[in-house]
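Whatever order the structure lists ligands and atoms in, that order sets their numbers, starting from 1.
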Amino acid sequence: MSRAVPPLKIGPHEIWPPLVLAPMSGVTNRTMRALYKPFGLGLTVTEFVSSNALQYGNRRTMEMIDQHGLEKPVSTQLWGDDPAIMARAAQVVRECGADIVDINFGCPAPKVTKTSGGSACLKDVEKCEAIMKAVVEAVDCPVTMKMRLGWNESNLVYVDVAKRAQAVGVAAITLHARTARQFYKGSADWDHIARLKASIDIPVIGNGDLNDAQLAMQRMRDSGVDALMVGRATLGNPWLISQIRDLMEGREAQPLPEAAERLRYSIVHYRAMVDEWGERRAVPQMRKHIALYIKGIHGAAVLRERIMHMDTAQEVYDVIEEAIASLQRESVAA
Ligand SMILES: Cc1cc2nc3c(=O)[nH]c(=O)nc-3n(C[C@H](O)[C@H](O)[C@H](O)COP(=O)(O)O)c2cc1C
């Protein structure tokens with residue numbers, strides 16, 4: 001294998017390929033991370049967890065930081081605005097198996113920013129520094145940080161926060177190149193990611209709108225980042241991960257699979273979710289995934305509508321099997 005890019009180094013971890021699954025709250029639970037990892041991810045990150053909630057250790061919170069051990073190394077992401085509470089939370093997640101602790105300065109959701117957490121921290125760069133310093137001092141593993149460009153267009157603080165991060169011992173930084181006020185509107189501006197890479201010495205992970213393998217590699221080359229993070233575009237399409245890995249490993253990217261294979265894999269994903277979380281919790285969670293697996297398939301709108309109203313896994317398996325059979329009949333007839 002002739003690698004087209006070097007591995008990502010975070011503390012003692014040499015991460016290959018330098019491709020990270022974006023943390024996505026309500027989506028990237030341990031089942032999904034373990035399923036998607038073999039497609040070619042070097043690193044996975046848990047859904048963010050509230051540092052305050054971790055003090056109480058309720059079951060739902062602990063589930064969010066849980067892992068199978070199948071996805072080593074794994075990074076656990078914390079959010080909060082109090083340095084001492086963040087430091088204690090970091091110790092808890094470290095004890096629960098985190099190889100890396102990641103600090104969230106990126107979440108724009110009002111339920112998080114109204115308590116001054118996530119991207120709201122970027123309004124106060126000194127507080128960001130205090131949080132990072134407290135967390136770095138609290139744990140014996142690498143600490144990383146994920147942020148947006150700033151709270152809004154007129155406060156692009158990412159270089160300032162990154163330099164403070166580097167100074168207090170943060171081991172790597174992910175930048176999602178939008179402001180918090182942009183939420184997901186507009187496009188991620190990779191020129192800012194290139195600027196960040198040129199401003200600091202610790203590894204930078206570039207994130208935002210990577211929905212094509214060639215484009216992803218182009219972004220990596222142009223910005224000079226040490227790794228890429230992929231999120232939404234992998235949902236229902238984990239083969240994008242394999243395509244990027246192929247290019248990172250110096251091979252041509254394998255073509256994306258046919259519709260029938262995508263549908264078959266959606267059942268594998270569904271069954272894994274039912275096995276681990278039980279049908280009552282898996283069925284509603286899988287609706288959004290199935291909608292993405294079937295995207296672009298002939299008759300997807302009707303299929304999606306039917307699946308949205310189904311309450312049992314078996315009903316879903318039956319209609320997907322039916323759709324696979326129909327695709328096979330079409331391909332024989334063609
Ligand atoms: C449903 C959803 C949940 C998210 N939850 C988190 C989270 O818990 N922590 C975090 O740092 N970012 C979170 N993000 C942001 C992603 O990690 C990523 O930065 C963003 O989606 C841009 O990358 P993409 O264009 O590849 O999706 C979330 C995004 C989505 C769509």
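With respect to the salt-bridge test (charged N to carboxylate O, under 4.0 angstrom), the residues Arg281 and Glu63 qualify.
With sequence neighbours excluded, no residue forms a side-chain hydrogen bond (donor to acceptor under 3.5 Å, both in side chains) with Asp201.
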Do any side-chain atoms of residues 33-57 form donor-acceptor pairs under 3.5 angstrom with protein atoms, and if so which ones, sequence neighbours left out?
from	atom 1	to	atom 2	distance (Å)
Arg33	NE	Glu71	OE1	2.9
Arg33	NE	Glu71	OE2	3.1
Arg33	NH1	Thr28	O	2.9
Arg33	NH2	Asp66	O	3.1
Arg33	NH2	Glu71	OE2	2.9
Tyr36	OH	Gly236	N	3.4
Tyr36	OH	Tyr293	OH	2.9
Lys37	NZ	Gly42	O	3.3
Lys37	NZ	Lys72	O	3.3
Thr44	OG1	Glu71	OE1	2.6
Thr46	OG1	Gln77	N	3.1
Glu47	OE1	Gly26	N	2.6
Ser50	OG	Asn52	N	3.2
Ser50	OG	Ala53	N	3.0
Ser51	OG	Trp79	O	2.9
Asn52	OD1	Gln55	NE2	3.3
Gln55	NE2	Asn52	O	3.3

Which pairs would a plain distance check flag for residues 128-136, meaning a side-chain donor or acceptor within less than 3.5 Å of a matching protein atom at least two apart in sequence or in another chain?
from	atom 1	to	atom 2	distance (Å)
Glu129	OE1	Arg164	NH1	2.7
Lys133	NZ	Glu137	OE2	3.1

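Protein residues lining ligand 1, listed by chain and number: Ala22, Pro23, Met24, Ser25, Phe48, Gln77, Asn104, Lys146, His176, Tyr184, Asn207, Gly208, Asp209, Val230, Gly231, Arg232 [non-hydrogen atoms, distance under 4.0 Å].
Because its NZ or CZ atom is both nearer than 6.0 Å to the ring centre of Tyr184 and within 45° of the ring axis, Arg148 counts as a cation-pi partner of that residue.
Interatomic distance, Glu14 CD to Lys9 NZ, rounded to the nearest 0.5 Å: 5.0 Å.
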